[in-house]
Amino acid sequence: MTILAIDTSAHICAACLYDPQSQKILAQKSEDLGRGHAERLLSLIDECFTQAGLTPSDLTKIAVSVGPGSFTGIRVGVAAARGLALAVDVPVVGVSTFKSIAHDYVEGGASGDFAVLIKGGRSQIFAQKFVASGAEDEAPFIIADANDLEECAPLEHLQNLIGNAAAEFDAGHAVAGFDAATGSIQAYALLGSTSNLPPKPIYLRSADAKINANFALPHAAVS
């Protein structure tokens, strides 16, 4: 069995091949791009196959980051995962950015319940609470104002905050070394082996780009 994991949800463009039976990473590649994921992703995937001595026909499953994160990056990763899965006829599943970061934190020796806080643009914070085991405690939500006590109430009794918006929210509770915008590619591979989440992007807010109504064509009348 071989799983291909893909993450393009943040500045990192990453892919890896994972064997869930032996629980070993067979190959992995990642680059800190910022932008340009579409131009590099397929090359990184191909490099993973070369490193592992495998081909796409050896895949049994594909896992892809579905966000939240970069709108463009997530679309690139999901499109590539769906296209390759269709080509080699294997299932494709999604893994949330929140869960990948939480997984790395728990593997690093977390203690107590915690929350993952990710910068969401427009000064917003994307948040999700987890119990100490790494299981999701509540559905993801948006904090539009980190100084709004009512909005931040769900995090009131948590001692540990991780993710790249943790220090921005409350530096006193941010866990040192866990300020990532996404999890490790290994986390996506491991979580993907048991995930049943559809490969559908998780967008907690609408896209910045909007269709200009002045340029919209009128709908044809239906007789």
Side-chain angles (χ1 to χ4, degrees), residues 3 5-12 14 16 18 20 23 25 63-71 73-74 77-78 93-121 123-205:
I3 295 174
I6 296 170
D7 177 29
T8 54
S9 63
H11 57 287
I12 299 293
C16 84
Y18 171 69
Q23 298 183 344
I25 298 295
V64 61
S65 170
V66 291
S70 161
F71 281 93
I74 293 168
V78 169
V93 298
V95 177
S96 83
T97 310
F98 290 120
K99 289 201 70 172
S100 71
I101 297 173
H103 176 275
D104 287 342
Y105 179 54
V106 171
E107 288 294 300
S111 61
D113 298 348
F114 62 96
V116 179
L117 304 173
I118 302 173
K119 293 179 181 179
S123 299
Q124 294 179 331
I125 295 173
F126 297 155
Q128 187 171 22
K129 294 169 62 178
F130 291 82
V131 297
S133 66
E136 296 168 299
D137 190 20
E138 294 181 4
F141 58 96
I142 294 177
I143 297 174
D145 182 357
N147 295 313
D148 188 312
L149 295 180
E150 184 175 349
E151 286 194 43
C152 298
L155 310 178
E156 184 177 357
H157 299 295
L158 296 177
Q159 293 298 313
N160 300 320
L161 305 178
I162 62 175
N164 68 344
E168 180 179 321
F169 173 79
D170 186 341
H173 291 146
V175 179
F178 286 93
D179 56 351
T182 185
S184 66
I185 191 61
Q186 297 94 329
Y188 284 105
L190 270 63
L191 292 170
S193 66
T194 57
S195 173
N196 294 312
L197 186 69
K200 180 180 179 181
I202 298 174
Y203 296 141
L204 296 185
R205 65 173 174 81

Evaluate side-chain contact (heavy atoms from CB on, under 4.5 Å) for Ser70 paired with Thr8, printing each intermediate quantity in order. CA-CA 8 Å; Ser70 161; Thr8 54; over 6 Å; no

Answer yes or no: is there a donor N or O on one side and an acceptor on the other, between the side chain of Gln128 and the main chain of Glu138, under 3.5 Å?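 Here the side-chain-to-backbone pair exists.
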
Return yes if some donor-acceptor pair links the side-chain N/O of Asp113 with the main-chain N/O of Ala132 below 3.5 Å, else return no.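 Side chain of Asp113 to backbone of Ala132: a pair is present.
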
Minimum heavy-atom distance between [X] and [Y], given as atom pair plus value:
X      : Y      : value
Ser100 : Gly183 : OG-N, 3.0 Å
Pro199 : Val64  : CB-CG1, 4.2 Å
Ile143 : Cys152 : CG2-SG, 4.0 Å
Thr97  : Pro68  : OG1-O, 2.9 Å
Ala189 : Ile3   : O-CD1, 4.4 Å

Rounded distance (nearest 0.5 Å) linking atom [atom1] of [X] with atom [atom2] of [Y]:
X      : Y      : atom1 : atom2 : result
Lys119 : Asp179 : NZ    : CG    : 9.0 Å
Lys129 : Leu158 : NZ    : CG    : 5.5 Å
Asn164 : Ile101 : CG    : CD1   : 7.0 Å

Checking Phe126 against Leu117 for the side-chain contact (heavy atoms from CB on, under 4.5 Å) test, could you report, in this order, the C-alpha distance in whole Å, the side-chain angles of both residues, the deciding distance, and whether it holds? CA-CA 6 Å; Phe126 297 155; Leu117 304 173; over 6 Å; no

Listed partners of Ser9 passing side-chain hydrogen bond (donor to acceptor under 3.5 Å, both in side chains), at least two apart: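 Here the qualifying residues are Asp7, Ser65, Thr182.
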
Could I get the full list of side-chain hydrogen bond (donor to acceptor under 3.5 Å, both in side chains) partners for Tyr105, not counting sequence neighbours?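 side-chain hydrogen bond (donor to acceptor under 3.5 Å, both in side chains) check on Tyr105 returns Asn160.
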
Not counting sequence neighbours, which residues clear side chain to side chain contact (heavy atoms under 4.5 Å, CB included) with [X]? List them please.
X      : result
Ser133 : Val131, Ala135
Val93  : Lys61, Ala63, Ser195
Asp104 : Ser184, Ala187
Ser96  : Phe98, Lys99, Ile202

What residues form a ring-ring contact (aromatic ring centres under 6.0 Å, His included) with Phe130, not counting sequence neighbours?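 Applying ring-ring contact (aromatic ring centres under 6.0 Å, His included) to Phe130 gives Phe114.
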
Below 4.5 Å, heavy atoms only, C-beta onward: do Tyr18 and Gln23 meet side chain to side chain?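 Side chain of Tyr18 against side chain of Gln23, heavy atoms only: contact under 4.5 Å found.
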
Determine whether Lys200 and Val66 make a side-chain contact, defined as any pair of heavy atoms from C-beta on separated by less than 4.5 Å.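 Side chain of Lys200 against side chain of Val66, heavy atoms only: no contact under 4.5 Å found.
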
Side chain to side chain donor-acceptor pair (under 3.5 Å) contacts in which one or both residues fall within residues 147-158, not counting sequence neighbours: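 Output for this query is empty, none listed.
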
Listed partners of Glu136 passing salt bridge (charged side-chain N to carboxylate O under 4.0 Å, His left out), at least two apart: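 Salt bridge (charged side-chain N to carboxylate O under 4.0 Å, His left out) list for Glu136, sorted by chain: empty.
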
